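See below for the structure under consideration.
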Amino acid sequence: MTRRRGLYILVLSVLAVSLGCARLPENSVSPGSSPDLSFCYAGFPAEPWESVHKIEATIRGGVFSTLLGVTRGDPSERRLHSILLTPEGFILFEAELRDGKIRTLKALTPFDSPAFTRGLMEDVTLIFLCPQGKPASWRIKGDGTRTCLWESPDGSRTEVKGSMELGWQILRRDNQGGVTREVSLNGPFVQGLASHLELRAFQPAAYELRMTLLQTGP
Amino acid sequence: MKKLLFLPAFLFTILLCPATGPSQDWTSLQEAFRKVKSVQADFLQKRRLQILKDPLLSEGRFFFDASGSLRWEYVKPLRTVMLQKGEAVRLYHFTEGKWKPEMTQAVEARRMVLAEIQQWFQGRFAENKVFSHSYSPGPPARVALTPREGINRFIQRIEIVLSVKPGIIDRVEIEESGSSRTSIEFRNVEINPSFPSGIFEKP
């Protein structure tokens, strides 16, 4: 009886531990032991690139629009140059990020507000450039999924999780913990660029961008 | 936005201009122009941008009826279509196995621009307030279009290269500000074809 009770407690303990592990909050990131954090950056291009994407934008209320997005980037310099075009090839918007400053080169109505420029370039940065500095915490789960968390001085956080096989997810949270952006990067990856990606913005404005990689180059 | 949409609108127009042989003068060109009632063609568009090493390539086809209908369609890499019938202009994008209407402000702007360029379809270049023109008999024959005040901030020059075969345009070159350029090469051009019903109404 005593042996049976011991076995019972052991089984319960194992189950409790297993369930406890399985129910760890998704965003509970604990420091890992590996000093090699390259996995935290694997979802982003490592070398200078240029790319062309089809962008299908859906704004709250059901407004739908299709555009072409051209981007050239240099990760080491944290430089970006982005152009939005109509399917006919007409430039609607052009801006660059250099030395941390955004410069608008061309912007037509309704793409000519400072808020649009800032928001678009922040989205492009979130998608293509890994967060600055080292992650505050990280972990590798048993299934190979990596999670890395960056914290900004203003209290906002960026979480990158996934794998090259399963794709990556980027979560951007404000200083209250609310998700402001969610990006899904799905392979195959070409020069570090996802073939398919979706960005969902929740605040201050709600919209969704679905992007398909059409062309890439050095 | 209206001014900026002159580029695609203008492209539609110049695609539809009837061309003449190298020996024809401007008057003959305009005379041939008036005989064109409908056009259809395939095209290859090469969009060169300063930040791209290789041009953006797009393939498509267009259909025009001089009564005021136009279908301008891209088949690669994006599948989109703009339909104009009379005053109405509609845009559609093919996604997830079906055509989806594009609800953009550009629809209204395009409608206004296309209404204006109905003049061009009839060869009334002299009446155009956006571009001045000059004709070079060649060979190859060319029509150069120079933007007037305002639009020249965006487009510096447009050149239409005509085929030796009357009614056929070989290509169009558009030079923009900066080093951006667009060329459109035309293939399988047919003058005065008949169109199936609904081609200007359904995507």
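Just so it is clear, the values below take in all heavy atoms, side chains as well, and ignore hydrogens, waters and symmetry mates. Remember, predicted model here, so these are calculated numbers, not experimental data. Residue numbering restarts at 1 for every chain, and letters A, B, ... go by the order of the sequence lines.
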Rounded distance [0.5 Å steps], [atom1] in [X] versus [atom2] in [Y]:
X: B:Leu78; Y: A:Leu67; atom1: CG; atom2: CG; value: 9.0 Å
X: B:Leu49; Y: A:Ile83; atom1: CG; atom2: CD1; value: 4.5 Å
X: A:Ile91; Y: B:Glu176; atom1: CD1; atom2: CD; value: 5.5 Å
X: B:Lys53; Y: A:Glu50; atom1: NZ; atom2: CD; value: 7.5 Å

A:Arg72 to B:Gln50 - nearest heavy-atom pair and separation |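 Looking at all heavy atoms of both residues, the shortest contact is NH1-O, 4.2 Å.
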
Heavy atoms only: give me the nearest A:Gln215-B:Asp54 pair and the separation to one decimal.
->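 Smallest heavy-atom distance, with atoms named: NE2-O, 3.6 Å.
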
Please check if atom CG in A:Asp143 has more than 12 non-hydrogen atoms from other residues, nucleotides or ligands closer than 6.0 Å.
-> yes

Using a cut-off of 6.0 Å, state whether more than 12 heavy atoms not belonging to A:Arg78 lie near its atom CZ.
->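 Yes - once you tally the heavy atoms of other residues, nucleotides and ligands closer than 6.0 Å, there are more than 12.
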
Measure distances from A:Val52 to the heavy atoms of chain B and classify the residue's part below 4.5 Å as side chain, backbone, both or neither.
->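 Contact with chain B is through the side chain of A:Val52 alone.
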
Applying disulfide bond (SG atoms under 2.5 Å apart) to A:Cys40 and not counting sequence neighbours gives A:Cys148

Does anything in residues 188-212 of chain A get under 4.5 Å of chain B by heavy atoms, and if so which residues?
->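 A:Arg210, listed by number.
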
Any side-chain heavy atom of B:Glu102 within less than 4.5 Å of one from A:Thr66?
->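 Contact flag for B:Glu102/A:Thr66 side chains = yes.
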
Among all residues two or more places apart in sequence or in another chain, which pass the side-chain hydrogen bond (donor to acceptor under 3.5 Å, both in side chains) test with A:Trp49?
-> A:Ser51

Candidate pair B:Thr80 and A:Lys54, rule side chain to side chain contact (heavy atoms under 4.5 Å, CB included), full reasoning | CA-CA 11 Å; B:Thr80 63; A:Lys54 175 176 78 173; over 6 Å; no

For A:Leu166, enumerate each residue passing the side-chain contact (heavy atoms from CB on, under 4.5 Å) test, keeping only those at least two apart in sequence or located in another chain.
-> A:Thr145, A:Ser163

Criterion side chain to side chain contact (heavy atoms under 4.5 Å, CB included) on A:Glu96 and B:Ile51, from CA distance to verdict = CA-CA 11 Å; A:Glu96 64 176 4; B:Ile51 69 168; over 6 Å; no

